[in-house]
Q: 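Can you keep this structure in mind? I'll have questions shortly.
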Protein chains: 2
Amino acid sequence: MTEECNGSVETALDILVGKWKPIILFHIFQHETLRFSELQRLVPEITKKMLTSQLRELEYHDIVHRKVYAQIPPKVEYSITEYGKGITPMLESLNSWGNLHLAHLRELYGEEAVKNK
Amino acid sequence: MTEECNGSVETALDILVGKWKPIILFHIFQHETLRFSELQRLVPEITKKMLTSQLRELEYHDIVHRKVYAQIPPKVEYSITEYGKGITPMLESLNSWGNLHLAHLRELYGEEAVKNK
DNA sequence: CTGGATCCCTTAAGATACTG
DNA sequence: CAGTATCTTAAGGGATCCAG
């Protein structure tokens with residue numbers, strides 16, 4: 001049971017780790033569909049390389065759909081798959097606990113300590 | 001809102017990343033309280049260094065309590081704090097989605113591809 | 001027994017330049 | 001426009017030895 005339980009938790013974590021995945025998902029969720037360049041504008045600090053690799057991983061996991069328009073100049077749109085929409089409860093769960101925890105950390109260590117962690 | 005939402009998701013991820021945290025938490029949850037050496041036995045592949053550092057992070061986040069017995073030889077027990085017990089719903093959420101996702105991956109790529117991922 | 005300190009290696013991530 | 005390819009840097013993690 002140890003294995004099963006942790007395997008699955010780690011599977012879930014897998015699609016969320018990678019420094020940029022949460023924020024990428026957030027934007028795609030919010031806009032329904034986004035082009036590569038639009039994502040770049042929304043997350044300016046990310047490099048093309050990272051953006052590409054993170055999107056590819058999300059695509060592999062069937063969370064994100066990649067639609068390529070065969071045209072010049074190229075156009076590629078990313079969207080959340082039907083299956084991918086199923087992660088919402090998990091994200092909500094992480095989000096709400098995260099908020100609680102930020103408050104808790106502030107209580108424990110003060111405003112400053114939390115900011116520059 | 002982008003910032004708030006992702007900040008909190010990443011805060012939540014923070015306490016779970018680190019290759020060993022989920023499995024460590026799992027064991028402590030299961031046993032209520034565990035000594036350092038017991039954890040080592042339960043997770044044989046982990047080094048002392050990693051076990052120590054992961055436990056310290058969990059302690060910092062007030063998820064795990066560290067109780068030191070002032071005696072020779074030393075004895076230290078780790079347990080989940082009251083506050084720490086509040087992560088259960090989040091872990092459940094990750095766990096159940098993780099299980100779903102493992103099944104989904106098997107559907108997409110077959111048994112083998114999933115095993116040695 | 002429960003760690004700390006050190007060294008080393010591997011992997012994740014950033015910078016930059018180039019291409020169909 | 002949407003990427004690849006290559007190189008460099010930073011961080012995570014492992015091995016080993018030492019200590020109260």
Side-chain angles (χ1 to χ4, degrees), chain A residues 6 9-28 31-61 64-80 116-117, chain B residues 6-7 9-25 27-28 31 33-61 64-79 116-117:
Chain A
N6 272 277
V9 168
E10 281 160 17
T11 301
L13 289 176
D14 244 41
I15 73 132
L16 292 175
V17 298
K19 201 172 167 188
W20 303 100
K21 291 212 193 87
I23 196 168
I24 289 173
L25 283 175
F26 174 80
H27 286 299
I28 305 184
H31 292 78
E32 294 290 318
T33 165
L34 279 174
R35 300 183 57 171
F36 189 85
S37 53
E38 293 175 315
L39 272 166
Q40 269 196 102
R41 278 192 306 97
L42 290 167
V43 193
E45 325 84 56
I46 196 174
T47 63
K48 295 176 179 194
K49 175 191 168 183
M50 287 313 295
L51 183 52
T52 302
S53 73
Q54 307 278 286
L55 285 168
R56 289 293 143 82
E57 287 178 39
L58 290 169
E59 188 190 359
Y60 170 85
H61 284 282
V64 157
H65 175 66
R66 180 166 177 266
K67 179 168 184 183
V68 182
Y69 293 83
Q71 64 179 51
I72 306 285
K75 173 177 171 183
V76 180
E77 281 181 350
Y78 294 91
S79 54
I80 306 292
N116 54 351
K117 90 78 239 190
Chain B
N6 271 278
V9 168
E10 280 159 19
T11 301
L13 289 175
D14 243 40
I15 74 131
L16 292 174
V17 298
K19 201 171 165 188
W20 304 100
K21 291 212 193 89
I23 196 168
I24 290 173
L25 283 174
H27 286 299
I28 304 183
H31 293 78
T33 165
L34 279 175
R35 299 184 56 172
F36 189 85
S37 53
E38 292 175 316
L39 272 166
Q40 269 196 101
R41 279 190 307 97
L42 291 168
V43 193
E45 325 84 56
I46 197 174
T47 63
K48 296 174 179 193
K49 174 191 170 183
M50 288 313 297
L51 183 51
T52 303
S53 72
Q54 307 278 287
L55 284 169
R56 289 293 143 83
E57 288 178 37
L58 290 170
E59 190 190 359
Y60 170 85
H61 285 280
V64 157
H65 176 67
R66 180 167 176 267
K67 178 169 186 183
V68 182
Y69 293 81
Q71 63 180 51
I72 306 286
K75 173 177 170 181
V76 180
E77 281 181 350
Y78 294 91
S79 53
N116 53 353
K117 88 77 240 187

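What's counted below: heavy atoms across the whole structure, side chains too, no hydrogens, waters or symmetry copies. Each chain gets a letter, A, B and so on, in the order its sequence line appears, and its residues count up from 1.
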Q: Kindly give the heavy-atom pair with the smallest separation between Tyr78(A) and Ile28(A), and that separation in Å.
A: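 Heavy atoms only, the tightest pair is O-CG2, 3.8 Å.
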Q: Heavy atoms only: give me the nearest Leu34(B)-Leu39(B) pair and the separation to one decimal.
A: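 Residues Leu34(B) and Leu39(B), closest heavy atoms: CD1-CD2, 3.8 Å.
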Q: Tell me: CG of Leu34(A) to P of dG3(D), nearest whole Å?
A: 13 Å
Q: Each nucleotide in nucleotides 5-20 of chain D should get exactly one letter: B, S or -. Can you fill that in based on protein heavy atoms under 4.0 Å?
A: -BB-----BBB----B
Q: For the atom pair CZ (Arg66(B)) and CG (Leu58(B)), what is the distance rounded to the nearest 0.5 Å?
A: 12.5 Å
Q: Using whole Å, what does the distance between atom P of nucleotide dA13(C) and atom CD1 of Ile23(A) come to?
A: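 My rounded result for the distance is 14 Å.
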Q: Take the protein atom CZ of Arg66(A) and the nucleotide atom P of dC1(D), then report the distance between them rounded to whole Å.
A: 16 Å
Q: Once you round it to whole Å, what is the distance between P of dG3(D) and NZ of Lys75(A)?
A: 13 Å
Q: Do Ile46(B) and Ile23(B) touch side chain to side chain, with heavy atoms closer than 4.5 Å?
A: no
Q: Is any side-chain nitrogen or oxygen of Arg35(A) closer than 4.0 Å to OP1 or OP2 of dA2(D)?
A: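 For dA2(D), OP1/OP2 do have a side-chain N/O of Arg35(A) under 4.0 Å.
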Q: Please report the distance, rounded to the nearest Å, between CD in Glu77(A) and P in dC1(D).
A: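 In whole Å, dC1(D) P and Glu77(A) CD are 14 Å from each other.
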Q: Please determine whether a side-chain nitrogen or oxygen atom of Arg41(A) lies at a distance below 4.0 Å from atom OP1 or OP2 of dA2(D).
A: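 No, outside the criterion.
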Q: Tell me which pairs pass side-chain hydrogen bond (donor to acceptor under 3.5 Å, both in side chains) where either residue lies in residues 39-58 of chain A, with sequence neighbours left out.
A: Lys21(A)-Glu57(A)
Q: Could you state the atom-to-atom distance from CD of Glu57(B) to P of dG3(C) in whole Å?
A: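 For the pair Glu57(B) CD and dG3(C) P, the rounded distance is 15 Å.
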Q: What is the separation between atom CG on Leu51(A) and atom C1' on dA15(C), rounded to the nearest whole Å?
A: 16 Å
Q: Can you see if the side chain of Ser37(B) gets near the phosphate of dT2(C) - specifically, an N or O under 4.0 Å from OP1 or OP2?
A: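 The answer is yes; a side-chain N or O of Ser37(B) sits under 4.0 Å from OP1 or OP2.
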Q: May I ask you to verify if any side-chain N or O of Arg56(B) is less than 4.0 angstrom from the OP1 or OP2 atom of dG4(C)?
A: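 For dG4(C), OP1 or OP2 has a side-chain N or O of Arg56(B) closer than 4.0 Å.
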Q: What is the nucleic acid contact for Tyr69(B), judged by heavy atoms within less than 4.0 Å: base, sugar-phosphate only, or nothing?
A: nothing
Q: Going by heavy atoms in the side chains, are Ser79(B) and Lys67(B) under 4.5 Å from each other?
A: no
Q: Check the distance between dG3(C)'s P and Ile72(B)'s CD1 and give it to me in whole angstrom.
A: 13 Å
Q: Looking at OG1 of Thr11(B) and CG of Leu16(B), how far apart are the two atoms once the value is rounded to the nearest 0.5 Å?
A: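 It is 11.5 Å, given to the nearest 0.5 Å.
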